[in-house]
Trainee: 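Here it is, the structure, as structure tokens.
Just so we're on the same page: letters track the sequence lines, and every chain starts at 1.
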Amino acid sequence: MIHELKSNYRQFFEEDLIEEIARVGTIKEVPQGFHLIEIGQYVRYMPLLLEGAIKIMRDDHDGEELLLYFLEKGDTCAMTMTCCMGETKSEIRAIAETDTKLIMIPIEKMESWTVKYKSWRNFVFESYHVRLMELLETVDKIAFLKMDQRLVEYLKDKVKVHEDQIIKSTHQEIAYELNTSRVVISRLLKTLEHKKVVELNRNYIKVIGFDHL
DNA sequence: ACATTAATTGTGT
DNA sequence: ACACAATTAATGT
């Protein structure tokens, strides 16, 4: 565990802190599709990502959902950081996008570490900033880009977090994550196929390249 | 191996 | 948005 921590977080944390994380944290490995947290659940741990990716979703009142952003290696969840004080319910839903390995730190530790370790303070502020920027980026996409552009951005993200040109999703799943209808996605994908950007198959999409855009 | 059903995708209105 | 056809995968017998 120490070794994995160091390879991912040595740039951020001092030696003492890494050892303490190793002492109080627990390793958790979850399979693809695992629901890490639902809206309304209490946050008791702060996750540090070691491997894999997590998608963060926002749900609206009646079953509509929207993908906010992906968390990748070296990231942590900004929601948990707002909840240092007291018991707070999660505002978001976190689902493992790939098989994922993470360290769970009890949130009680966060407060004392903030006082004790400078590197921890920096890390928390830094992560908070990065998350906020990503969220802004997503907001911009939703506000200013048409659906065809959003779909392209989505495909790029997928390829990145999976490190794979093959996207194993159905049109319906993509539609849910972008909060639109399946038919719209099917049509847009079809035109992307004509532009030689993707190759459509049942249950998966092969990304050729975004050069022809 | 075959039939039935369900899920996925394509297309027209 | 809705409806429907076509294709493919999954399941049972």
Trainee: What range of DNA chain C does chain A touch, first nucleotide to last, counting atoms under 4.0 Å from its heavy atoms?
Mentor: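 Endpoints of the contacted stretch of DNA chain C: C/dA1 to C/dA9.
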
Trainee: Using a strict threshold of under 4.0 Å (side-chain N to carboxylate O), is an ion pair present between A/Lys158 and A/Asp164?
Mentor: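 Looking at A/Asp164 and A/Lys158, the cut-off is not met.
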
Trainee: Evaluate the criterion salt bridge (charged side-chain N to carboxylate O under 4.0 Å, His left out) for residue pair A/Lys6 and A/Glu15; output intermediate values, then yes/no.
Mentor: CA-CA 9 Å; A/Lys6 281 189 179 170; A/Glu15 200 70 23; 2.9 Å; yes

Trainee: Report the C-alpha distance between A/Ile142 and A/Arg150 in whole Å, list the side-chain angles of each, state the deciding distance to 0.1 Å, and finish with yes or no for side-chain contact (heavy atoms from CB on, under 4.5 Å).
Mentor: CA-CA 7 Å; A/Ile142 294 168; A/Arg150 283 182 61 199; 4.0 Å; yes

Trainee: Please round to the nearest 0.5 Å and tell me the distance separating atom CZ of A/Phe123 and atom CD of A/Gln11.
Mentor: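 Rounded to the nearest 0.5 Å, the CZ-CD separation comes to 10.0 Å.
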
Trainee: Would A/Val24 and A/Leu50 show up in the same hydrophobic cluster when neighbours are defined by side-chain heavy atoms closer than 4.5 Å?
Mentor: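 A/Val24 clusters together with A/Leu50.
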
Trainee: So do the side chains of A/Val115 and A/Glu111 get within less than 4.5 Å of each other, counting heavy atoms only?
Mentor: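 When only atoms from C-beta onward are counted, A/Glu111 and A/Val115 do not touch, as no gap falls below 4.5 Å.
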
Trainee: Between A/Glu65 and A/Arg93, does at least one N-O distance fall below 4.0 Å, as a salt bridge requires?
Mentor: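 Yes, A/Glu65 and A/Arg93 are salt-bridged.
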
Trainee: Which pair of heavy atoms, one from A/Gly25 and one from A/Ile103, lies closest together, and at what distance?
Mentor: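 It is CA-CG2, 4.0 Å.
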
Trainee: Using a 4.0 Å cut-off on heavy atoms, which residues in residues 172-189 of chain A reach DNA chain C? List them by number, or say none.
Mentor: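 Those residues whose heavy atoms fall under 4.0 Å from DNA chain C, taken from residues 172-189 of chain A in numerical order, are A/Ser181, A/Val183, A/Arg187.
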
Trainee: Under 4.0 Å from a heavy atom of chain A: give me the 5'-most and 3'-most nucleotides of DNA chain B that qualify.
Mentor: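 The protein-touched segment is B/dA7 to B/dG12.
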
Trainee: Look at the aromatic rings of A/Phe13 and A/Trp120 and report parallel, tilted or perpendicular, splitting at 30° and 60°.
Mentor: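 Tilted, since the angle between the ring planes falls between 30° and 60°.
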
Trainee: Mind listing the closest non-hydrogen atom pair of A/Met46 and A/Thr76 along with its distance?
Mentor: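 Distance-wise, the nearest heavy atoms are CE-OG1, 3.2 Å.
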
